[in-house]
Amino acid sequence: MKNIKNEIAETLAKQIEGLSANEIESMLEIPADNTHGDYAFPCFKLAKTLHKAPPMIAAEIAEKLKGEKLFEKVEQVNAYINMFIDKKSFMNVVLLGVTEQKEKYGSSNVGEGRNVVIDYSSPNIAKPFHIGHIRSTVIGDSLYKIYNFIGYKSVGINHLGDYGTQFGKMIVAYR
C-alpha cells in the first residue's frame, strides 16, 4: 500500500513540470490549523522556474486538482495549495490494506540490516520488586517488538548485576 503523502506527490507531479514526485513529497506540509486542510503545498520554489507569482501558480494548480478523486476539496490560499483528503476513499484504502496484509499491516523494512539495543528495567536485585519495574519492562518490550516489526534486528538487555549501595556499605563494614 502506498502512503497518502506519496499518492498526493504523484498526483501533483502530473500537474507540475520540473519537479519529481520525491521532491514534491519532501515539500508537502501538514498545516498547523486543520481548517487549512490535511496537506498543503507551497508554490514559492516554482516561481523561479515558471516565472510567475506564487499565488498565481497555486491558483492554476489548485484548479487542475479539483477533479481528482483523492481530494474532497482543494483550495488556493495565497501561495499555498490546501488539500483536504476524501476521508471515505482514504478509509476504504486503509481497510483494504488491513484485510489484505492482516497482521503485517504497517510493517516495513526501514530498519533492514540495522541493529537497535533496548535496555529493559534492570532492577536492583538487592531491593524488592515493585510496580515501577513492570512499567519500564513493558515499555522496553513494546519498543523491542515495534523495532522488529519495522525491520530492525532488536537486542533486548536486562542487566541484573546492579548490587547497589547497600552491598558497598556491607563490604566497607566487613573490612
Kindly work out whether a path of hydrophobic side-chain contacts (I/L/V/M/F/W/Y, heavy atoms less than 4.5 Å apart) joins V74 to I30.
yes
For a 4.5 angstrom cut-off between non-hydrogen side-chain atoms, does E25 reach I8?
no
May I have all residue pairs that pass ring pair (Phe, Tyr, Trp, His ring centres under 6.0 Å) and include part of residues 4-42, sequence neighbours excluded?
none
What pair of heavy atoms forms the shortest contact from N34 to F84, and how long is it?
O-CE2, 4.1 Å
Do V77 and M27 belong to the same hydrophobic cluster, where Ile, Leu, Val, Met, Phe, Trp and Tyr are linked whenever their side-chain heavy atoms lie under 4.5 Å apart, directly or via other members?
no
Would you say that more than 12 heavy atoms from the other residues, nucleotides or ligands in this model lie under 6.0 Å from the CG of N78, or not?
no
Mind checking side chain to side chain donor-acceptor pair (under 3.5 Å) for Q76 and listing every partner two or more places apart, or none if nothing turns up?
none
Could you check whether any side-chain heavy atom of I139 comes within less than 4.5 Å of a side-chain heavy atom of R135, counting everything from C-beta outward?
yes
Quick one: side chain to side chain donor-acceptor pair (under 3.5 Å) pairs with a partner in residues 49-68, sequence neighbours left out?
K52-E60
Does a side-chain heavy-atom distance below 4.5 Å link L28 with L12?
yes
Would you tell me whether N22 and S20 have side-chain atoms, one donor and one acceptor, within less than 3.5 Å of each other?
no
V98-I85 co-clustered via ILVMFWY side chain contacts under 4.5 Å:
yes
When rounded to the nearest 0.5 angstrom, what is the spacing between CD1 in I24 and CG in L19?
5.0 Å
Criterion side-chain contact (heavy atoms from CB on, under 4.5 Å) on I4 and V93, from CA distance to verdict:
CA-CA 10 Å; I4 192 73; V93 169; over 6 Å; no
Kindly indicate whether the side chain of D38, heavy atoms from C-beta on, has any atom under 4.5 Å from the side chain of K87.
yes
How would you list all residue pairs meeting ring pair (Phe, Tyr, Trp, His ring centres under 6.0 Å) that involve residues 57-83, not counting sequence neighbours?
F44-Y80
In one Ile/Leu/Val/Met/Phe/Trp/Tyr side-chain cluster, 4.5 Å: Y105, L96:
no
Over all heavy atoms of both residues, which pair between P42 and A40 is shortest? Give the atoms and the distance, please.
CD-O, 3.9 Å
Which donor-acceptor pairs under 3.5 Å do side chains of residues 143-153 form with protein atoms, sequence neighbours excluded?
residue: K145; atom: NZ; partner: D141; partner atom: OD2; Å: 3.4
residue: N148; atom: OD1; partner: S154; partner atom: N; Å: 3.3
residue: N148; atom: OD1; partner: S154; partner atom: OG; Å: 3.0

Going by heavy atoms in the side chains, are V116 and V155 under 4.5 Å from each other?
no
How many angstroms lie between NZ in K69 and NZ in K88, if you round to the nearest 0.5 Å?
15.5 Å
Interatomic spacing from CG in D86 to NZ in K73 - rounded to 0.5 Å
13.0 Å
Got a second to check how far I16's CD1 is from L50's CG, nearest 0.5 Å?
8.5 Å
Would you check if I118 and I157 make a side-chain contact, meaning some heavy-atom pair closer than 4.5 Å?
no
Taking every heavy atom of A79 against every heavy atom of P54, the minimum-distance pair comes out as CB-CB, 3.5 Å
Do you reckon Y120 sits in the same ILVMFWY cluster as I134, going by side-chain contacts under 4.5 Å, direct or chained?
no
Show me the pairs that pass salt bridge (charged side-chain N to carboxylate O under 4.0 Å, His left out) and involve residues 94-116, at least two apart or across chains.
none
Give, for atom CD of Q15 and atom CD1 of I57, the distance between the pair rounded to the nearest 0.5 Å.
14.0 Å
Is any side-chain heavy atom of C43 closer than 4.5 Å to one of I81?
yes
